[in-house]
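Down below is the structure, laid out as structure tokens.
Computed over heavy atoms, backbone and side chain alike; hydrogens, waters and symmetry mates excluded.
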Amino acid sequence: MHLAPPSTLRALSAADQAQLRDVAEEVSFPQGARLFEEGGHADRFWIVRTGTVTLDLRVPGRRAAVIETLGHQQLVGWSWLYAPYTWHLGAEATTPVRAHQFDAAAVRALCRRDPAFGQHIAEWVGGIVAHRLHAARTRLLDLYAPYGSGSTW
């Protein structure tokens, strides 16, 4: 594994990246397109080539809170790896987006066939989940807590 930020594709080895590329499909989304909705079935994921995607979280009685903005080589969607395969956030293209799209079932099958690859994918996605959980906590504290509550130190 490389020492790149876990949220980027560069966190995976060249061999792991190549295995993913072999099952990738190129897709495009116009600005404003919803990639997925919180609570929906997580059956695919994307790695952004160009453009930006925001992750958002529904907040009762308010507009959805933007948790994070993702761009070049970043993973969009992690819920596909963990049963029950339900999106925990929503995602929207904030600019036109070009991305590699992956069928979740096909990648999970690759992980089962090649345990070392599966471990690398699980560690990569787990690092992303931890990062996004921290980002969501910080963003929600910044938005809704009393001034100064967003500090985690």
Val53 vs Trp46 side-chain heavy atoms within contact, under 4.5 Å | no
Nearest 0.5 Å, what's the CZ-CG distance between Arg62 and Leu57?
-> 12.5 Å
Are Leu81 and Phe45 close enough that some pair of their side-chain heavy atoms sits under 4.5 Å apart?
-> no
Name the orientation class of the two ring planes belonging to His41 and Tyr85 (parallel below 30°, tilted from 30 to 60°, perpendicular beyond 60°).
-> perpendicular
Kindly indicate, with the supporting measurements, whether the criterion side chain to side chain contact (heavy atoms under 4.5 Å, CB included) is fulfilled by Leu12 and Ile121.
-> CA-CA 8 Å; Leu12 292 173; Ile121 294 297; 4.0 Å; yes
d(Arg108 CZ, Asp103 CG) to nearest 0.5 Å is 8.0 Å
For Ala104 and Trp80, work out which heavy atoms get closest and say how close.
-> CB-CB, 3.5 Å
Measure across Ala122 and Tyr82 and return the closest heavy-atom pair with its distance rounded to 0.1 Å.
-> O-OH, 3.9 Å
Any chance you could measure Gln17, atom CD, to Ile47, atom CD1, to the nearest 0.5 Å?
-> 8.0 Å
hydrophobic_cluster_shared for Leu133 and Ile128, side chain cutoff 4.5 Å = no
If you round to the nearest 0.5 Å, how far is CD of Gln73 from OG1 of Thr50?
-> 12.0 Å
Sidechain-backbone polar pair: Gln101 side chain, Glu25 backbone, donor-acceptor under 3.5 Å = no
Would you say the side chain of Phe117 lies within less than 4.5 Å of the side chain of Leu20, judging by non-hydrogen atoms?
-> yes
Check: Arg49 side chain, Ser28 main-chain N or O, donor-acceptor pair, under 3.5 Å = no
Interatomic spacing from CG in Leu55 to CD1 in Ile67 - rounded to 0.5 Å = 8.0 Å
Check the side chains of Thr94 and Thr54 for a donor-acceptor pair under 3.5 angstrom, ignoring hydrogens and angles.
-> no
Does anything in residues 28-46 pair up under salt bridge (charged side-chain N to carboxylate O under 4.0 Å, His left out), and if so which pairs, sequence neighbours excluded?
-> Arg34-Glu37, Arg34-Asp56, Arg34-Glu92, Glu38-Arg58
About how many Å separate CG of Leu110 and CD of Gln19, when rounded to the nearest 0.5 Å?
-> 6.0 Å
Any side-chain heavy-atom pair from Leu75 and Trp124 closer than 4.5 angstrom?
-> yes
Kindly say whether Gly71 contributes a backbone atom to a donor-acceptor pair with the side chain of Gln74 at under 3.5 angstrom?
-> yes
If you look at every heavy atom in Ala93 and Leu35, which pair is closest and at what distance?
-> N-CD1, 3.8 Å
What are the two closest non-hydrogen atoms of Gly77 and Trp87, and how far apart are they?
-> CA-CZ3, 3.4 Å
Sorted by chain and number, sequence neighbours left out, side-chain contact (heavy atoms from CB on, under 4.5 Å) with Gln31 holds for Pro96
